Amino acid sequence: MSKINKSFGDVQVLNNAGITVKEKEIHALMGENGAGKSTLMKILTGVYSKDNGKILINGEEQEISSIKDSENKKIAFIHQELNVLNEMSIVDNMFLGKEHKNKFGLINKKSMINLAKGKLQLLGLDIDPNTLVKDISVGNQQLVEIAKALLMDAELIIMDEPTAALTSKEIDLLFSITRNLRDKGVSFIYISHRMEEIFELCDEITIMRDGKFIGQKKISETSFDEIVSMMVGYDLDERFPRIEREPGEVSLSVQNLTKKGRFENVNFDVRKGEILGFSGLMGSGRTDVMHAIFGSTNADSGKISIDGKEVKITSPIVAKKLGIGFITEDRKNEGLVLDFSVRDNTVLPSLLSFTKKKLIKDGEITKVVDEYIKKLNVRTASQSISVGKLSGGNQQKIVIAKWLITKPKILILDEPTRGVDVGAKKEIYEIINQLKQEGVAIIIVSSELPEILGICDRVGVMHEKKLVKIIDRKEATQEKIMEYATVGGI
Amino acid sequence: GGDSGEGSGGGEGKEKIALLMADLGNPFFHVLRDAVVNQGEELGYEVLVYDGQNDASKQPSQIEDALQKGVSAIIINPGDESSTANALEDAIAQEIPVVTVDRSVDVEGVLSYLVTDNLKGGKLVGEWLQEKMPEGGKVIHIEGVIGTAPQRERGGGFLSVIDPKENPDSKFEVIDTAVGDFSMAPAEAAMSDLLAKHDDIDVVFAQNDTMAVGVSRAIETAGRQDDGIVIIGFDGAKEAYDLIEQGKMSVTAVQDFEFIGSEAVKYVNDFLKDGTKPEEEVLVDVYMSDEK
Amino acid sequence: MNKFESVYRKYGTLIVLFVLIIIVSLINSKFLTMYNILNIFRQVSINGLIAFGMTFVILTGGIDLSVGAILGLSGMLLGLMVVAGIPDIVAIPTVLIIGALLGCFNGILISKLKLQAFIVTLATMTMFSGLTMIISDGIPAMGITKNAPVLDFFSQGSILGIPFPMFVLIFFYILLLILLQNTVFGRGVYAIGGNEEVARLSSLPTNRIKTLVYVISGAMSALAGVILTSRLSSSQPTAGTGFELDAIAAVVIGGTSLAGGRGRLFGTFIGILIIGVLNNGLNIIGVSAFYQQFIKGLVILFAIILDRKSSR
Amino acid sequence: MNKFESVYRKYGTLIVLFVLIIIVSLINSKFLTMYNILNIFRQVSINGLIAFGMTFVILTGGIDLSVGAILGLSGMLLGLMVVAGIPDIVAIPTVLIIGALLGCFNGILISKLKLQAFIVTLATMTMFSGLTMIISDGIPAMGITKNAPVLDFFSQGSILGIPFPMFVLIFFYILLLILLQNTVFGRGVYAIGGNEEVARLSSLPTNRIKTLVYVISGAMSALAGVILTSRLSSSQPTAGTGFELDAIAAVVIGGTSLAGGRGRLFGTFIGILIIGVLNNGLNIIGVSAFYQQFIKGLVILFAIILDRKSSR
Ligand SMILES: Nc1ncnc2c1ncn2[C@@H]1O[C@H](COP(=O)(O)OP(=O)(O)OP(=O)(O)O)[C@@H](O)[C@H]1O
Ligand SMILES: Nc1ncnc2c1ncn2[C@@H]1O[C@H](COP(=O)(O)OP(=O)(O)OP(=O)(O)O)[C@@H](O)[C@H]1O
Ligand SMILES: [Mg+2]
Ligand SMILES: [Mg+2]
């Protein structure tokens, strides 16, 4: 692809973008949030049409005007957002639009199931293909999507942040399958914000910034710092900035918190000015614990105390009154009303504080939202564009701003940097550090070990619905955490 | 079908009469409409027809619209007795003659009420039945739209004669009542159900002919056309006469819509010409008919 | 206990149906006679056919308010054709095609112009009813089946003792069930209701599928119109008014989500039987007309609360 | 050109309204007289009040089919109370509260039991209509306003030359506009329609807000019932039938999305005026009743296509 341009309305999103992928190659595509990576790939796969530019496949110029076109050219696309149908079975999802038919034109379930089983096993997924997708974990849903791409016998597979919801074990498996397929002649375009993965897996890298093609390198001939500076346009020194601070008194104390089937006997304290990390495999129950603390689901038993006083948190309304903020892991379904403006989203939990005689004071809201946009360095055209049009990293900052405005005493962040580029990640860490400085008690749930090790003061590890260990930062290592997370203890 | 109204282009010079019908969805009322329109044209008027679509709350707006168009008279077949009262008061205040047909309206100063006597009609049906079947029998009563005047009056009149609770002399027994909403499909369905329930039915009184047709069809479908069930309708519609001719129905109580329609126009015409006022209340009798 | 619970979860509304049947038959033994059972099937066939088509529409996340109006219009056209001397074997397929075309009109507006199904079909409902009035001049066509033996058979005939309307109902149930469960089209219907964007990205012909469900709904409504016309042996200009709500109620009672993507045709079948038994049962029991409506609403509410409880 | 386009984008339906007004007034000059304009407002006030309440409901992604039935029930209660000698100044607030309570019943079923609004309000619609039948025994209450001056004022009175129903309509438009645009509750209504889970996790009282919109809808319907009762000087047992569809049409024509989260009360105001002008205009022009329906459907279709084109 070369010299691709694309505008949405007045905004030019791609400006001379391009990528060249050779046969038998895993090609990384990197760039900041909003650089245009997904858009470029959507043009290649017929989801959007380009304004101008050229697409060459095996040396010949091709027009790709529909999704079907790109499928016919043996291009498969695993989208950044999960694209599964929850109410359908795994096999039906995998074969959607490409069902096998028997001689009567009816669906041939048997042949589909056999094929599906094989592909799933290849991915280490030993589940009945008739299981409804909503009944499997998000990580497995992602694997189903990958299995779906494998079905196509594609010659080029595009993976847009495929590992955001996978465990390290699953990631390892995915990588080995990818390499395997590459050796058999399949090419890949691999989009990710995780540097470690790029170096582990890819052969080549193309970097984009602001919709432009910036450069192409061989992975073996480049370095972490070079890629980052090409991406962000300046040198990024430290990835995990941290500040040291003596923690204050215990702010939040959780005792024997239990919800049947979700988590058992969870015990921990967080102090003022302390960052407690939560590590563990996907589905180990971390998110469920946080929801219970926030009152968005109710635990069966256990005690929660804030500043030494026992509290009953029955709903998010109560939680907010007690000074708890919760940045949820699923931006799209739990964090933002995508149709709403940046401004309306930002003030959603704090509206009450902007009222006088029950009426909302819009002027004040505008001022405060502006202030936070500046403070968090959110890149947005204005307050009034809908938040769905922002790139992932900037959306995440809005979710954070949303809760910062409520001035929480306790802030829970669930996967706060999922899908966020390196530059923005660092900005988010800086915000977290500032809160720590101000004495907020902070809980961070994260599946990225470097992140957990980089910024937390203590790390709790969950394994199969239990909090098995809390490790002090000084003793914590990747190996140790993984050990607790996978087998529950040493 | 002379549903007018679209004549606004043609009849520049002609005086206009507004005719407000309660529900043209009921074909029987087309007889009334046609009678008014024909008589009106004969006497040189343009008749604007409004359809209340069986919704009493539509008619006040339609009166307002008619006044707006500068009609010289209003003939109204009201959906009920009082919905249009306020709107008609406005018309009367503008000295526009108002004749109500088939039903009355609770308002002062109407030129004339030309009303079918539904209560009397209901009684008449009962009396006809008593005469025809002195030994009594089992009766099913199919009612029209609940809450409308014809439903209450026809039913009330009928029951006052037939129902032993109201008339101890009656040898009849009302074994079931169902609602047919004055239309065919629900009447047919209800009758089908009641045919399952009762092995022994002597008489069915349907409060209008459309429902009577449905009843007859249900009996046919159930294969009980030879049970000798007496079916009575109300209105005097064409379809009733057809069934009577085929021997599938016994009798219908006729409302004389031809008479009512043309009389109404005549009253208006006389008044507009020289101020002659007709009798304020004209009750038009119903008669039983089993032949065309 | 666990076994019972899982049955209950899966067949919550089926239980409502059985309870209804038991209650009514205890009060009046006439309820469970063969005649009455066939009678109920004959009566539900009209709502049933419409509800089957509606199930497809609702599964895609749409809704079709124009079904009653399509029924009325095609019934009236049928009546006028037959009265005009066109043989019924010609007239019946003609109105079925017309019903499908009216549905296609809805479908194109909804899929191509991306308009909301609710308001499109509300508008076309008004238009189609208006058309019925215009072509009929508000006058019913009477005595239609006299010289139309095929048409007459549609309500009066029977095959192996099964009334023909019931036969039609079951035939289309099986046909549509296969279409929904075992064809690519059927998968597409569920996929669009589940998430239209996902369906599109899976290169399904979403517009075509969305149009087709309205075509099915239109054709089923026209077929129901044929049966009703045959039953009444006449075409009423106001026939079909309000039928859309009964059909939607049947679909939803049957557990299909109005949000689309989730539901089964079998559920709809139970739904129409619940409504049919309710209507028939209230008459058989002899509940006063004044109370019938209230009780009907209450039972529907009860059925969906039960369905809700059982599904979560 | 660009300027025009942006105006058009924002006010697509306003243009439909103006075009309608121009067409009708060119055909008949009586249309634009002061009398007729006030007349239109008087006529639309009933649908308008219901549609205002409906806007709140639809913005949360719900729907309220029971509005017509609530109107009927509260109108009947009002009539019976007044006939029984209860002073109208007592009876009117009483039925408004009853309307709110009926709405609350809907709201609790929908928010607490998480049932689908469509089917809940379809069931309660049937129940409430049934109740109206039961309490009235199917008999209308007549001549109500004779000894009820306050009630009479609701339709016959005027303030500064403005008919009172119009006054009520505008008053509640402003009140509800403030409620929707300038209060936390209003933002919550939009947020729930946009994404209920997000709203809940943003610590908004989603259940309370969802219940409240049905309370508003119920109260507005009861108020419309008071005006209708006053206008007709009688309480009809079947009053309100079908009003829900007109109200929903007005809301959707006004550009509010049935999926929730997007729309404006101003749009609803335009929507009810379009419907009102259409009804009045077709009568003023003298279009035959049979053609009116067809044309009405066509104009509604046209309006939403235009709105669609303008918004995308
Ligand atoms: N449909 C659309 N309409 C308007 N703007 C859009 C649309 N889709 C994407 N954009 C904008 O285009 C830009 C590029 O988006 P894109 O999703 O391609 O970024 P990305 O590089 O994939 O970012 P991320 O790493 O966050 O996924 C962003 O600024 C985004 O807001
Ligand atoms: N209602 C439910 N039914 C079935 N499984 C569920 C349900 N809710 C959650 N789960 C699954 O339970 C597991 C625990 O969820 P939880 O989100 O708490 O884990 P986690 O450690 O935060 O992992 P993740 O990173 O995937 O969020 C997940 O696999 C989730 O998919
Ligand atoms: Mg992207
Ligand atoms: Mg989680």
Side-chain angles (χ1 to χ4, degrees), chain A residues 38 41-42 45-48 64-89 91-110 112 132-134 141 144-145 148-149 151-152 158 160 332-333 338 388, chain C residues 2 6 9-10 55-56 58-61 111-112 114 116 174-210 212 251 254-267 307 311-312:
Chain A
S38 300
M41 293 301 105
K42 284 180 182 169
T45 51
V47 179
Y48 294 150
I64 294 177
S65 55
S66 72
I67 298 168
K68 203 100 215 171
D69 273 359
S70 91
E71 286 179 357
N72 290 339
K73 308 218 156 62
K74 299 276 175 206
I75 302 173
F77 189 5
I78 299 157
H79 286 265
Q80 184 170 9
E81 277 83 36
L82 266 182
N83 276 313
V84 286
L85 293 163
N86 285 322
E87 299 289 339
M88 277 193 172
S89 67
V91 51
D92 286 347
N93 263 287
M94 285 175 64
F95 284 89
L96 188 60
K98 299 160 196 67
E99 288 86 352
H100 290 183
K101 288 186 251 180
N102 64 16
K103 56 177 182 275
F104 305 110
L106 299 181
I107 287 179
N108 186 345
K109 194 114 193 199
K110 234 191 218 138
M112 285 171 19
L132 291 189
V133 159
K134 67 172 173 187
Q141 292 179 4
V144 168
E145 283 225 62
K148 181 176 172 180
L151 271 181
M152 266 184 59
I158 303 162
D160 198 348
K332 202 162 107 184
N333 293 311
L338 294 175
Chain C
N2 218 348
S6 93
R9 242 156 237 260
K10 218 161 177 178
T55 308
F56 281 76
I58 291 181
L59 278 174
T60 66
S111 67
K112 286 276 150 72
K114 312 228 172 303
Q116 300 190 54
I174 295 169
L175 194 78
L176 293 176
L177 191 66
I178 293 173
L179 187 63
L180 190 58
Q181 302 292 349
N182 299 311
T183 68
V184 178
F185 168 73
R187 289 300 144 91
V189 169
Y190 279 102
I192 288 175
N195 186 332
E196 189 170 343
E197 185 61 14
V198 173
R200 205 173 64 86
L201 291 176
S202 303
S203 73
L204 290 177
T206 49
N207 279 354
R208 183 153 19 113
I209 295 172
K210 276 172 79 181
L212 266 178
V251 174
T256 296
S257 158
L258 283 169
R262 199 155 35 87
R264 293 186 307 158
L265 208 58
F266 176 71
D307 184 52
S311 73
R312 197 132 300 216

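By convention in this document, chain letters (A, B, ...) are assigned in the order of the sequence lines, proteins followed by strands, and residues within each chain are numbered from 1. Quick note: numbers below take in every heavy atom, side chains included, and nothing from hydrogens, waters or symmetry partners. Quick caveat: nothing in here was measured; it's all calculated off a predicted structure.
Most heavy-atom pairs under 4.5 Å with chain C, from the set Lys42(A), His79(A), Lys148(A): that is His79(A). Between chain C and the residues Leu82(A), Ile107(A), Asn93(A), the most heavy-atom pairs under 4.5 angstrom are made by Ile107(A).
The side-chain hydrogen bond (donor to acceptor under 3.5 Å, both in side chains) check on Asn333(A) picks up Asp330(A), with sequence neighbours excluded. Looking at residues two or more places apart in sequence or on another chain, you find a side chain to side chain contact (heavy atoms under 4.5 Å, CB included) between Asn195(C) and Leu85(A), Glu197(C), Val198(C).
Both the backbone and the side chain of Leu201(C) come within contact range of chain A, with heavy atoms under 4.5 Å apart. Only the side chain of Lys98(A) comes within less than 4.5 Å of a heavy atom in chain C; its backbone stays farther off.
For the pair Glu145(A) (side chain) and Asn83(A) (backbone), a donor-acceptor distance under 3.5 Å is present.
To the nearest 0.5 Å, the span separating CG on Leu175(C) from CG on Leu180(C) amounts to 11.5 Å.
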